[in-house]
Structures are given as C-alpha cells and as structure tokens.
Protein chains: 2
Amino acid sequence: MKFFEAIAEAAIKNRSMVCVGLDPDMSKLPECVRNSDKPFFNFNKAIIDATKDYVCCYKPQAAYYAGENRDDELKMTIDYIHENAPGIPVILDVKRGDIGSTATQYAREAFDRYGADAVTVNPYMGLDAVKPFLDYADKGVIILCRTSNPHSGDLQNLVSDGKALYEHVADLVRDQWNYNGNAALVVGATYPEELAKLRQACPELPFLVPGVGAQGGSVAEVIKNGAVEGWGGLMINSSRGIIFAGKDENFAQAAGEAARKLRDEINSCR
Amino acid sequence: MKFFEAIAEAAIKNRSMVCVGLDPDMSKLPECVRNSDKPFFNFNKAIIDATKDYVCCYKPQAAYYAGENRDDELKMTIDYIHENAPGIPVILDVKRGDIGSTATQYAREAFDRYGADAVTVNPYMGLDAVKPFLDYADKGVIILCRTSNPHSGDLQNLVSDGKALYEHVADLVRDQWNYNGNAALVVGATYPEELAKLRQACPELPFLVPGVGAQGGSVAEVIKNGAVEGWGGLMINSSRGIIFAGKDENFAQAAGEAARKLRDEINSCR
C-alpha cells in the first residue's frame with residue numbers, strides 16, 4: 001500500500017491526525033526504563049502500546065538514537081510498530097539531502113535498513129538530492145518547506161519573484177517533484193499564516209506539522225488554516241508533549257491520555 | 001588545536017589542498033577486500049596508508065556506512081586516521097540540519113560518538129539548526145553554499161534583493177554564523193563563476209570544494225578562482241577519482257599515485 005493511503009486509513013480508523021514523535025532524550029526518561037538494558041526501546045514500546053489507538057503515524061527522530069549510539073533500538077522500535085500496531089505507518093525523521101549517489105545510500109538506510117514507511121528530506125540541494133527517495137513510489141517523502149524553529153526565516157523567508165523561498169519549495173514539490181504522488185511538506189504550526197498560504201497553494205498535498213505543544217503552535221489555528229476534507233490532510237506531530245507527559249512509572253498511561261486528548265482537541269476544532 | 005589551524009598545518013606540511021573522500025561503495029571495492037570481515041575499514045586503511053603524505057584532510061561520507069549498516073567501520077576509520085595519520089583532520093560529511101534540540105544530538109553524534117574534527121551541515125533551517133555545531137569552537141563547521149550537483153540551482157540560484165540564495169548563505173556565514181571562527185563553505189568545482197564570486201565576497205573563509213574528477217570540475221579553474229595566499233584556503237575533494245583509481249590488489253598504490261598526482265596538478269596551477 002502506498003504511504004498516504006496507509007496514513008488515510010489509519011487516520012480514519014483512529015479518527016486521528018496525531019503523529020507521535022518518538023524522541024527519547026536519555027535525561028528525561030523515567031528512572032524505571034533509564035537503567036534498563038534497552039532504555040529507548042523499552043520506553044518506546046510502552047509509549048506505542050499506550051498510544052496506538054489514538055494516532056495516524058509515529059515519527060522517530062533519528063538524531064536521538066544516533067547521538068547515543070543506539071541505532072539498534074531505532075530499528076527495534078520500527079519493527080515493533082509494524083508488528084504490534086499494524087496499519088500505523090512510521091516516518092523516519094532524518095532530514096537528509098545529498099548528491100544523487102549519496103542520497104541513494106541514505107534512501108537505502110531509511111527504507112531498506114530501518115524499514116521506514118516515509119522519511120523527511122531537505123530540499124536545499126534540489127531535485128537530484130530528493131529523487132532517490134521519491135523513486136520509492138510506495139514510500140512517503142516529506143520535504144522541509146516552512147520549518148517550525150525560530151530562525152527558519154533566515155533563508156526560508158527570502159523573497160524571489162514575489163514568492164518566499166518556502167513557497168518556491170512548495171511549487172517545485174507540487175508541480176515537479178510529486179511525480180509518484182508520494183510527496184508531502186513539512187509546515188510548522190508556529191507560523192499559521194504561512195500554513196494558510198501553503199494550504200491554498202497546495203490543496204492536495206499532505207502536511208507534516210511539527211510545533212504544537214512544547215514549541216507553542218496552536219491546534220485551533222493549524223486546523224483552521226490547514227485541514228482539508230476526508231482524512232484531514234495533516235499529520236500533527238507532538239513529541240515531548242506526549243512522550244514526557246508523565247515522569248514516573250505511569251509515564252505510558254500519561255502518554256496515552258495526552259495522545260487521546262490531543263486527538264480530541266484536534267477533532268473538536270474541525 | 002582549532003580545526004582550521006590543523007588544516008593549515010597539514011596543508012603546509014604535505015604541500016597539499018587535497019581532501020580524500022572515503023566513500024566505500026561495496027560494488028566497487030576490489031575483491032580482495034570486499035570478501036573480508038570489515039571490507040570498508042580494510043579498504044580505507046590501505047587507502048589512508050597510501051595517501052596520508054599527499055593530503056590535508058579526509059572526508060568520509062556517512063551515508064555509505066549508514067546504507068550498509070557499517071557505522072562501526074566508520075568509527076574505526078576515523079580512529080585509524082587519528083592514530084596513523086596524526087595531524088590530518090577528518091571531516092565527517094553528514095549534511096545535517098534540524099531544530100536546535102535535535103541538532104545538539106547530531107553534533108554529539110559527529111564530534112563525541114565518531115570523534116570527527118569537522119562536519120558538513122545544511123543551512124536551510126537557519127541559525128538555530130547550525131548553532132549546536134558552531135558552539136564546538138575547536139571543530140570545523142562546513143556549510144552547504146553552492147553545491148556541485150546538477151540541480152543545485154533549483155533553489156540556490158533564486159535571486160532575492162539582487163543576490164542568489166547561495167550568496168545570502170555566504171553573507172550569513174561570514175557576518176553572523178562565524179562567531180567562533182570555525183565556519184567554512186561548501187562550493188562546488190562544477191560552478192567556477194560562482195566560486196569566483198564567493199571568493200570575492202568571502203576572502204577569509206576556507207572552502208570545501210567537491211566536484212573535481214568524476215563530477216567534471218576543472219582543477220585549474222578552481223585554483224584560479226578560489227585559491228588564496230598562505231596554505232591556500234581550499235580543501236579540494238576527490239573521492240572516486242582517488243579511491244577507485246585502481247581495481248585490483250594494487251588499488252592502494254593506485255590511490256596513492258592518484259592523490260599525489262592531484263596534489264601536484266593543484267600546486268602546478270598556483
């Protein structure tokens with residue numbers, strides 16, 4: 001099944017546009033898992049079991065695993081989702097971007113080594129840096145457009161021919177890079193006006209929306225400016241707000257409640 | 001020692017601006033190492049031994065190791081350079097770029113886990129995506145500016161306020177991001193006019209220059225348009241042209257000769 005068909009099915013089944021970011025920061029893990037043999041995997045397993053009925057996808061951020069030399073636990077996490085939350089796709093957040101021969105290796109890493117269903121990629125180097133990912137027609141390729149971070153405007157807001165850089169990215173993706181129908185955009189919740197503008201320009205593209213919760217984006221504005229008919233067209237990511245909702249042995253239950261609450265808040269705004 | 005002091009020392013000692021890209025593509029390895037226990041490490045070891053007197057730095061491309069699940073051989077390669085080619089710094093080519101908390105993890109990956117002396121990073125997300133790297137004052141941070149690949153102009157050539165996007169990146173790096181004196185730019189040899197323009201705008205910044213050899217860039221043009229006084233200010237990368245110069249058991253000797261030849265060609269143009 002193609003990635004965005006799988007997302008639509010999961011979103012409809014769970015009535016949810018919630019994407020849970022699996023970013024296990026060692027210093028924030030509850031003690032009961034921090035001292036275990038596979039702390040990241042054990043933490044994620046409990047979070048997945050507690051949240052899987054309230055989400056449309058999961059998004060592990062590769063940097064957290066790479067920084068701690070725990071790539072094996074990233075692989076175990078993705079395998080666990082596929083086995084124990086069947087039908088819930090996994091976006092591997094890697095934001096890669098490199099010349100074609102190198103991008104081919106990164107695509108192998110994400111799709112073949114880790115078995116991810118989608119990846120995030122960086123558009124700065126142009127089409128040939130993204131094509132090796134796009135050529136996996138059944139996988140999703142989610143391209144950075146307007147990111148949620150404070151300095152995202154340093155380059156993304158530069159205006160050329162009457163359009164900001166991030167709008168040029170959106171045009172390229174919509175008109176040229178989506179030749180397999182498997183592309184989407186990253187659009188931060190922290191910039192609601194830009195989100196509205198991008199939705200108007202790209203009514204058909206799904207958006208991955210980070211920045212609600214800890215980063216301060218408003219769910220109501222995201223829905224008003226970005227949601228579309230059908231399954232909704234948005235994968236609204238929350239990482240810290242869900243996975244670190246509780247601090248003690250009840251962390252998984254707290255995460256489940258936070259995911260359900262975010263799902264219901266989103267649905268109440270539609 | 002700071003990264004660019006180390007580069008200058010190595011460049012002067014070896015009279016070389018050559019950077020050897022350690023990108024071991026499994027399908028291209030000579031049979032005698034391909035079937036060994038640690039093919040990437042054994043290949044690199046022989047290449048390093050044969051080239052270390054002709055280079056100013058090495059640049060392993062992380063994707064090749066990640067795509068084959070051989071991260072351990074990347075680590076062994078970097079350790080081997082530090083032990084057996086002392087004074088020759090290592091640039092880990094990763095082109096990362098992510099929000100601050102995530103970039104911090106990637107910086108730990110590059111500098112603490114792998115022990116690299118410098119990294120490549122992507123500027124698309126702005127200052128806070130690059131800062132966690134720049135804050136390692138003794139490490140080098142080499143920022144994508146005008147990349148060597150065919151579609152690099154898709155975004156990099158967009159003109160805003162009379163300057164192309166890649167020129168805006170150069171201005172930002174020169175004026176704001178180089179607060180620790182440890183920043184440099186990636187400028188492809190395949191775009192010699194842009195290289196000249198960037199050298200004029202940034203006379204003090206070192207450039208990492210990919211794209212000679214297999215990608216078609218001219219050494220003479222690179223030197224004419226980019227070299228400066230002193231150690232020269234350029235790290236001219238060749239990967240395939242050096243490491244796959246020979247195909248059989250004599251591959252290391254062939255790589256050594258190719259590295260020496262490239263060094264001499266560069267020096268003859270100065």
Side-chain angles (χ1 to χ4, degrees), chain A residues 23 25 61-69 71 75 93-110 112-113 120 122-131 144 147-156 158-161 163-165 168-169 172 176 210-211 215 240, chain B residues 23 25 61-69 71 75 93-110 112-113 120 122-131 144 147-156 158-161 163-165 168-169 172 176 210 214-215 240:
Chain A
D23 308 350
D25 188 328
Q61 165 53 260
Y64 285 91
Y65 305 84
E68 290 282 346
N69 197 358
D71 309 299
K75 170 75 176 144
D93 197 355
V94 287
K95 299 188 179 67
R96 301 294 192 251
D98 213 307
I99 63 169
S101 50
T102 303
T104 301
Q105 297 294 329
Y106 278 132
R108 290 182 60 205
E109 178 193 24
D112 301 338
R113 173 175 172 190
T120 54
N122 187 307
Y124 185 75
M125 293 180 65
L127 174 61
D128 50 307
V130 182
K131 191 170 183 303
L144 299 184
T147 60
S148 60
N149 57 312
H151 277 271
S152 60
D154 284 358
L155 299 179
Q156 293 164 31
L158 290 176
V159 173
S160 174
D161 286 333
K163 282 185 180 177
L165 178 61
H168 285 280
V169 171
L172 276 172
Q176 298 178 35
Q215 293 185 57
R240 290 165 274 182
Chain B
D23 309 350
D25 188 327
Q61 166 52 259
Y64 285 90
Y65 304 84
E68 290 281 345
N69 197 359
D71 309 298
K75 169 77 176 141
D93 197 353
V94 288
K95 300 191 177 65
R96 302 292 192 250
D98 213 307
I99 63 170
S101 50
T102 302
T104 301
Q105 298 294 330
Y106 277 132
R108 291 181 61 206
E109 178 194 23
D112 301 338
R113 174 176 171 188
T120 54
N122 187 306
Y124 186 75
M125 292 179 67
L127 175 60
D128 50 310
V130 182
K131 191 169 184 303
L144 299 185
T147 59
S148 60
N149 57 310
H151 277 270
S152 60
D154 284 357
L155 300 177
Q156 294 164 32
L158 291 175
V159 174
S160 175
D161 285 336
K163 282 186 180 174
L165 177 62
H168 285 280
V169 171
L172 276 173
Q176 298 178 36
Q215 292 184 57
R240 289 166 274 182

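Note that the structure is predicted; figures quoted are calculated from it, not measured. Lettering follows sequence order; numbering is per chain, from 1.
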Name the member of [options] that forms the most heavy-atom pairs with chain A at distances under 4.5 Å.
options                        : value
B:G100, B:S101, B:S148         : B:S101
B:K131, B:R108, B:Q156         : B:Q156
B:L158, B:D23, B:D112          : B:L158
B:V94, B:V169, B:D93           : B:V169
B:I99, B:T120, B:D25, B:T102   : B:T102
B:T147, B:D154, B:D161, B:D128 : B:D128

Counting only heavy atoms closer than 4.5 Å, note whether [X] contacts chain A via side chain, backbone, both or neither.
X      : answer
B:L172 : side chain
B:N122 : side chain
B:S152 : both
B:Q176 : neither
B:P210 : neither
B:T104 : neither

Check whether any side-chain N or O of A:N149 sits under 3.5 Å from a backbone N or O of B:M125 as a donor-acceptor pair, and report yes or no. yes
Do you know which of [options] has the most heavy-atom pairs with chain B at a distance under 4.5 angstrom?
options                : answer
A:S160, A:A103, A:G97  : A:S160
A:L144, A:L155, A:L165 : A:L155
A:R96, A:K75, A:H168   : A:R96

Check whether any side-chain heavy atom of B:Y106 lies under 4.5 Å from a side-chain heavy atom of A:Q61, and answer yes or no. yes
For the CZ atom of B:R113 and the CD atom of A:E68, what is their distance to the nearest 0.5 Å? 10.0 Å
Smallest separation among heavy atoms of B:Q105 and A:A63, with atom names: CB-O, 3.4 Å
